[in-house]
Amino acid sequence: MGLISGFLGFMILGSLLFSKAEGATHNYLWVVKETNFTKLCHTSTILTVNDSFPGPEIHANKGDTVFVTVQNDGPYGITIHWHGVRMPRNPWSDGPEYITQCPIESGGNFTQEINLSTEEGTLWWHAHSDWSRATVHGAIKVFPANGTSYPYDEPDGDQTIVFASWYKSNVMDVLNESLQTGGDPNVSDAYTINGEPGDLYACSNETMYSLLVEKGKTYLLRIVNSILNEEMFFAIANHNMTVVGSDGAYVKPFSTDYLFITPGQTMDVLLTANQTASYYYMVLTPFLDTDSSYDDTTSRALIKYSGNYTTPSTIPTPTFPNISDSISAQLFVVRLKSLADAAHPISVPKNITRQIFMTVSVNLFACPNSTGCTVDGDNKLAASLNNNSFMTPSTSLLQEYYDSNYNLNDLVAELPNKPPTPFNYTTVVNMSAYTEEGRRVITLNYGDEVEIVFQGTNIGATQNHPMHLHGYSFYLVGTGAGDFDNGTDPGRFNLVDPPEVNTIAVPRKGWSAIRFKAENPGVWFMHCHFERHTIWGMSTAVIVKNGATNETSMRPPPSFMPPCS
């Protein structure tokens with residue numbers, strides 16, 4: 001232990017010397033290990049950070065730098081990603097397995113430097129290797145910079161609410177079985193709210209999460225959706241919520257009686273305790289407008305008012321949109337708009353130099369030797385972007401890129417700017433469901449003003465897709481149903497106050513358009529935040545070339561990166 005402690009101290013010191021941040025510095029030591037938890041009348045062994053589920057929170061102010069030393073005492077390699085943190089010029093600590101680093105091997109450690117720049121609000125961190133993020137995740141609270149304040153009245157309380165998936169089985173066994181058969185993975189056994197399933201599940205009534213509130217007070221709820229494979233509706237009985245932020249950026253406040261939130265997204269909402277002192281249910285239920293398998297259970301937690309009153313015999317519960325109500329989901333999305341004021345300016349790219357039209361599909365692969373697969377005979381499920389199902393490398397793309405003088409010509413090919421074969425994307429009936437496998441990436445010049453239109457297709461199991469881009473926040477400038485019309489739809493884009501986010505829901509048989517400026521050099525992962533779609537290949541890497549100066553170029557790697565073995 002002495003050697004480990006000394007090494008960790010040396011790593012933190014080295015990172016501190018390397019940092020050029022102007023804000024405060026925070027240091028954390030996290031130990032990844034297996035821990036037993038009993039839920040649903042069953043004891044499961046899960047991977048945790050510091051024995052907690054959800055994991056520990058990071059608290060910092062805008063502009064601060066955080067160093068996290070991850071000690072892996074678990075049975076297999078792991079990586080940690082800081083979801084929504086831009087990590088300016090520092091992809092080395094971003095965390096996706098085999099994109100920016102190799103896993104931290106069992107018994108090893110890695111000190112990651114998290115650079116908070118323009119983010120403010122709620123973000124989160126999670127494992128980014130296999131399906132470890134099911135239980136290895138937690139919130140990042142980014143408070144206003146010193147001397148500044150929220151763009152709304154200071155709340156009376158601040159509470160994190162984390163949604164997650166719970167499996168009785170070992171989640172890695174669920175993943176491995178799916179990979180072996182080529183089929184859909186088994187769905188989770190429950191959803192949890194702050195680690196607890198709630199009273200609709202067996203053996204869960206006494207442990208149900210509850211939030212104590214005081215009548216007349218207003219609370220900031222920092223909501224994180226870390227669920228593996230389902231988008232969700234969330235509501236609180238008899239209470240409206242005021243949405244004030246999403247994905248680490250403020251939005252124009254709006255009142256709503258429900259949230260629609262995809263895996264990967266965060267929402268900051270204000271809850272005012274303005275009802276009769278009593279108990280009220282908070283309820284989490286899935287949204288799914290597809291034939292894909294899903295966990296169709298419901299999780300509940302409680303709002304409890306302080307004071308003396310009789311516990312109600314019947315606790316109010318909220319009403320919800322129907323599970324397949326795509327209209328309610330989209331109506332929520334289009335209400336998100338940036339503050340776009342003097343204190344919170346935005347800069348939407350308008351001189352587009354790189355335009356990408358990206359089809360998003362669930363597909364099939366024929367099984368090798370026609371054995372071992374269970375889908376439609378001898379096939380296995382796959383997924384693609386522009387008909388390319390991404391092959392995860394066995395080494396770090398970022399390290400290879402750096403070591404080869406910023407050149408990956410021998411390892412990757414370029415993903416096309418549009419699908420190889422145009423078709424009627426949302427009404428197709430005769431397109432093959434099969435796709436190609438390859439390691440195709442998007443290469444951008446520094447300073448490119450980029451527009452990507454994600455187009456859902458009618459191939460395979462059609463559904464929403466929560467698309468996430470590492471290293472960037474981007475502007476959601478438009479979204480709609482059906483095939484994107486390049487002649488008319490751009491005229492409806494919101495270029496005045498679009499939300500600045502890092503994860504979006506591409507609607508089933510519809511499209512979403514994003515814009516960003518390529519000003520963060522490095523290798524950055526882009527993928528669907530449904531874990532089953534990521535493992536099937538719905539992903540790519542975005543390589544942003546260095547600019548002309550040191551300040552517009554990637555930083556060199558730290559003195560130690562996890563080895564690739």
Side-chain angles (χ1 to χ4, degrees), residues 23-24 26 54 56-66 81-88 114-126 137-163 194 218-226 234 241-256 259-272 332-333 335-347 466 468-476 497-505 516 529:
H26 310 267
E57 293 184 353
I58 290 175
H59 293 186
N61 292 90
K62 180 180 179 179
D64 287 356
T65 298
V66 180
H81 167 56
W82 319 98
H83 186 113
V85 181
R86 292 174 181 82
M87 309 291 286
I114 300 99
N115 315 110
L116 299 170
S117 54
T118 61
E119 305 88 354
E120 189 172 334
T122 305
L123 299 170
W124 66 301
W125 60 268
H126 59 84
H137 58 252
I140 304 173
K141 292 184 177 183
V142 186
F143 299 98
N146 291 331
T148 67
S149 61
Y150 298 110
Y152 46 81
D153 291 339
E154 184 88 16
D156 299 297
D158 183 317
Q159 179 61 52
T160 304
I161 307 289
V162 178
F163 306 149
N194 279 1
T218 296
Y219 300 84
L220 174 60
L221 304 185
R222 300 172 178 270
I223 297 173
V224 177
N225 186 358
S226 67
F234 175 73
M241 296 168 282
T242 300
V243 180
V244 294
S246 181
D247 285 3
Y250 296 116
V251 300
K252 287 182 170 68
F254 65 92
S255 178
T256 181
L259 301 182
F260 167 67
I261 184 168
T262 76
Q265 285 185 319
T266 64
M267 296 281 171
D268 289 348
V269 304
L270 296 175
L271 170 71
T272 298
F332 182 88
V333 170
R335 297 184 73 186
L336 295 169
K337 300 180 187 297
S338 291
L339 279 182
D341 58 20
H344 307 89
I346 63 171
S347 180
H468 170 53
L469 173 60
H470 292 219
Y472 286 85
S473 287
F474 48 77
Y475 297 102
L476 175 61
D497 57 359
E500 188 175 10
V501 292
N502 60 62
T503 306
I504 58 164
F516 63 95
H529 226 277

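All heavy atoms count here, side chains included; hydrogens, waters and symmetry mates do not. Nothing here was measured: the structure is a model prediction, and the numbers come from that model.
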**Prompt:** Which pair of non-hydrogen atoms, one from V251 and one from L339, has the smallest distance, and what is that distance?
**Reply:** O-CD2, 3.6 Å
**Asked** Looking only at atom types and distance, does a side-chain atom of D156 sit under 3.5 Å from a main-chain N or O of T218, one as donor and one as acceptor?
**Response** yes
**Message:** One pair to check against side-chain contact (heavy atoms from CB on, under 4.5 Å): T503 and T262. What are the steps and the verdict?
**Reply:** CA-CA 8 Å; T503 306; T262 76; 3.7 Å; yes
**Request:** Determine, using ring centers only, whether Y152 and Y150 are less than 6.0 Å apart.
**Result:** yes
**Message:** Measuring only between side-chain heavy atoms, which start at C-beta, is I114 closer than 4.5 Å to W125?
**Reply:** no
**Prompt:** Do any N or O atoms from the side chain of N225 and from the backbone of G264 form a donor-acceptor pair under 3.5 angstrom?
**Reply:** no
**Message:** Using a 3.5 Å distance criterion without hydrogens, assess whether the side chain of K337 forms a donor-acceptor pair with backbone atoms of P498.
**Reply:** no
**Item:** Nearest non-hydrogen partners of N61 and A145, listed with the distance
**Value:** CB-CA, 4.4 Å
**Message:** Does T160 form a side-chain contact (heavy atoms from CB on, under 4.5 Å) with K141? I'd like the steps, not just the answer.
**Reply:** CA-CA 9 Å; T160 304; K141 292 184 177 183; 2.9 Å; yes
**Qualifying residue, where the test is side-chain contact (heavy atoms from CB on, under 4.5 Å) with F143 and the options are T148, D64, D158** = D158
**Request:** List the atom of A249, the atom of E500, and the distance in Å for their closest heavy-atom pair.
**Result:** CB-O, 3.6 Å
**Asked** Between the main-chain N or O of G121 and the side-chain N or O of D268, is there a donor-acceptor pair closer than 3.5 Å?
**Response** no
**Prompt:** Do the side chain of H126 and the main chain of H81 share a donor and acceptor less than 3.5 angstrom apart?
**Reply:** no
**Between R222 and T266, a side-chain donor and acceptor under 3.5 Å** = no
**Request:** Kindly assign one of parallel, tilted or perpendicular to the pair W124 and H529, based on the angle between their ring planes and the thresholds 30° and 60°.
**Result:** tilted
**Test log, rule side-chain contact (heavy atoms from CB on, under 4.5 Å), inputs V66 and V85** = CA-CA 11 Å; V66 180; V85 181; over 6 Å; no
**Asked** Quick one: does D247's side chain have a donor or acceptor within less than 3.5 Å of a partner on N502's backbone?
**Response** yes
**Request:** Answer whether the closest heavy-atom distance between the side chains of P155 and T272 falls below 4.5 Å.
**Result:** no
**Message:** Treating E119 as the side-chain partner and R86 as the backbone partner, does any N or O pair qualify as donor plus acceptor under 3.5 Å?
**Reply:** yes
**Message:** Let's go through L116 and K62 carefully: what are the C-alpha distance in whole Å and the side-chain angles of both, what is the deciding distance for side-chain contact (heavy atoms from CB on, under 4.5 Å) to 0.1 Å, and is it a yes or a no?
**Reply:** CA-CA 6 Å; L116 299 170; K62 180 180 179 179; over 6 Å; no
**Request:** Hey, can you tell me if F234 and F163 have their rings parallel, tilted or perpendicular (30° and 60° cut-offs)?
**Result:** tilted
